[in-house]
Amino acid sequence: MKHIIGLIVFSIFLGSCSGKLQKVPEDKFIGTWEVKGADVTEGILIKIDKEDGVLKGRVIKKTDNKYIQLFVDSNDVFVSAIERKSNYQFKVSENKIAKALFALYGQKTSQDFEAQFIDDNTIGLAMENSDPLKSTRIYKRVSEK
């Protein structure tokens with residue numbers, strides 16, 4: 001009887017996780033995205049595409065933010081890498097605004113985020129061990145490819 005109950009509980013658990021067991025293709029990142037929920041980078045548009053087999057995101061539209069105007073050029077690499085962590089979780093590395101200035105002073109020039117698709121058109125980004133599904137920092141798809 002205990003084995004049957006354990007099997008039923010395991011089946012329910014496995015059924016609730018079945019969506020996460022499916023592998024999210026990396027090509028799902030390809031497209032144009034708007035950065036939302038970020039202080040300085042709020043509203044910039046980035047186009048993510050494969051460059052030499054690596055997913056990268058380049059700035060295609062800047063905002064009126066004075067720091068963006070001062071330190072960002074169109075076509076700058078904003079997302080320097082996207083790496084798979086599991087079937088559905090990724091690590092997104094963003095270059096910091098004023099990256100060259102940070103480098104001059106020996107400071108870190110990029111920031112890593114835990115990333116997960118909330119839906120087909122929304123990517124949640126969170127710092128360290130926070131939940132990307134509950135993050136206010138997101139990439140919202142503007143267009144595909």
Side-chain angles (χ1 to χ4, degrees), residues 6-145:
L7 186 59
I8 291 170
V9 169
F10 179 72
S11 297
I12 291 170
F13 172 76
L14 191 60
S16 68
C17 294
S18 65
K20 291 187 177 183
L21 296 176
Q22 296 175 358
K23 192 171 187 174
V24 174
E26 291 175 356
D27 287 349
K28 194 171 181 178
F29 281 95
I30 294 175
T32 302
W33 302 86
E34 182 178 1
V35 178
K36 295 190 174 261
D39 292 333
V40 176
T41 58
E42 174 81 27
I44 68 170
L45 295 182
I46 56 173
K47 183 173 177 63
I48 298 176
D49 210 348
K50 278 197 176 174
E51 296 181 20
D52 300 322
V54 177
L55 287 171
K56 290 188 179 182
R58 293 190 176 271
V59 175
I60 60 170
K61 184 180 177 200
K62 302 187 319 179
T63 65
D64 291 335
N65 179 289
K66 65 182 177 182
Y67 298 111
I68 297 294
Q69 291 297 315
L70 187 60
F71 294 112
V72 176
D73 290 322
S74 288
N75 209 33
D76 278 355
V77 174
F78 182 74
V79 175
S80 56
I82 298 173
E83 299 173 19
R84 180 178 294 283
K85 291 185 68 178
S86 71
N87 281 347
Y88 60 95
Q89 291 180 321
F90 298 86
K91 179 175 86 171
V92 171
S93 298
E94 285 184 2
N95 285 330
K96 289 184 177 180
I97 302 303
K99 174 184 171 180
L101 187 60
F102 282 104
L104 282 174
Y105 291 97
Q107 301 296 311
K108 190 173 176 189
T109 60
S110 65
Q111 179 69 52
D112 294 335
F113 295 93
E114 306 289 325
Q116 189 172 338
F117 279 88
I118 296 170
D119 58 43
D120 285 340
N121 298 310
T122 311
I123 303 168
L125 296 120
M127 303 284 285
E128 298 175 13
N129 293 325
S130 298
D131 185 356
L133 297 177
K134 296 178 181 171
S135 178
T136 57
R137 183 183 181 94
I138 62 170
Y139 292 169
K140 192 70 176 167
R141 187 184 303 272
V142 175
S143 69
E144 292 184 26
K145 306 193 182 199

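Along the sequence shown, residues carry numbers from 1. Every value quoted in this text rests on a predicted model; they were computed, and no experiment measured them.
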Inter-residue atom distance Lys50.NZ - Ile30.CD1, 0.5 Å rounding:
6.0 Å
Will you find, in the side chains of Ser110 and Asn95, an N or O donor that is under 3.5 Å from an N or O acceptor?
no
Could you tell me whether Lys91 and Glu114 make a salt bridge, using a distance below 4.0 angstrom between a side-chain N and a carboxylate O?
no
So, Gln107 side chain and Ala103 main chain: donor-acceptor pair closer than 3.5 Å or not?
no
Give a yes or no on whether a salt bridge exists between Asp120 and Lys28, defined as a side-chain N under 4.0 angstrom from a carboxylate O.
yes
Heavy-atom side-chain proximity of Asn75 to Asp73 below 4.5 angstrom
no
Measure the CG-NZ distance between Asn65 and Lys62 for me, rounded to the nearest 0.5 Å.
10.5 Å
For Phe102 and Lys108, run side chain to side chain contact (heavy atoms under 4.5 Å, CB included): C-alpha distance rounded to whole Å, both residues' side-chain angles, the deciding distance at 0.1 Å, then the answer.
CA-CA 7 Å; Phe102 282 104; Lys108 190 173 176 189; over 6 Å; no
Contact check, side chains of Ile60 and Thr32, non-hydrogen atoms, under 4.5 Å:
yes
Are Glu34 and Lys140 close enough for a salt bridge, meaning some N to O gap below 4.0 Å?
no
Rounded to the nearest 0.5 Å, what's the gap from CD on Glu26 to CD on Glu83? Could you check?
9.5 Å
CD1 (Ile44) and OG (Ser74) are apart, to the nearest 0.5 Å, by 10.0 Å
Test item: Trp33 and Arg141 side chains (from C-beta on) under 4.5 Å apart, heavy atoms:
yes
Can you find a pair of side-chain heavy atoms, one from Val79 and one from Leu55, that are under 4.5 Å apart?
no
For a quick test of reading the model, state the closest non-hydrogen atom pair linking Thr63 to Gly43 and the distance between them.
CG2-C, 3.5 Å
Would you indicate whether Asp131, at its atom CG, is surrounded by more than 12 heavy atoms from other residues, nucleotides or ligands within a distance under 6.0 Å?
yes
Yes or no on side chain to side chain contact (heavy atoms under 4.5 Å, CB included) for Phe78 and Val35, after CA distance, side-chain angles and deciding distance?
CA-CA 11 Å; Phe78 182 74; Val35 178; 4.0 Å; yes
Take atom NZ of Lys61 as the centre, draw a 6.0 Å sphere, and report whether it contains more than 12 heavy atoms from other residues, nucleotides or ligands.
no
Is any side-chain heavy atom of Val92 closer than 4.5 Å to a side-chain heavy atom of Tyr139?
yes
To the nearest 0.5 Å, how far apart are CD1 in Ile123 and NZ in Lys36?
13.5 Å
Report the C-alpha distance between Lys96 and Thr109 in whole Å, list the side-chain angles of each, state the deciding distance to 0.1 Å, and finish with yes or no for side chain to side chain contact (heavy atoms under 4.5 Å, CB included).
CA-CA 6 Å; Lys96 289 184 177 180; Thr109 60; 5.6 Å; no
Is it true that, when you exclude Asp119 itself, more than 12 heavy atoms of the residues, nucleotides or ligands shown sit nearer than 6.0 Å to its CG?
yes
A quick test of your reading: do over 12 heavy atoms of other residues, nucleotides or ligands sit less than 6.0 Å from NZ of Lys66?
no
Pairing of Arg137 and Glu94 as salt bridge, 4.0 angstrom limit:
yes
Rounded to the nearest 0.5 Å, the OG atom of Ser93 sits from the CD1 atom of Ile82 at a distance of 9.0 Å
Is a side-chain donor or acceptor of Thr136 paired with a backbone partner of Gly37 at a separation under 3.5 angstrom?
no
Test log, rule side chain to side chain contact (heavy atoms under 4.5 Å, CB included), inputs Phe113 and Met127
CA-CA 5 Å; Phe113 295 93; Met127 303 284 285; 3.3 Å; yes
So do Glu51 and Arg58 actually touch side chain to side chain, heavy atoms under 4.5 Å?
yes
For Ile138 and Gly124, which heavy atoms make the closest approach, and how far apart are they?
CG2-CA, 4.1 Å
Between Phe117 and Phe29, is the gap from one ring center to the other below 6.0 Å?
yes
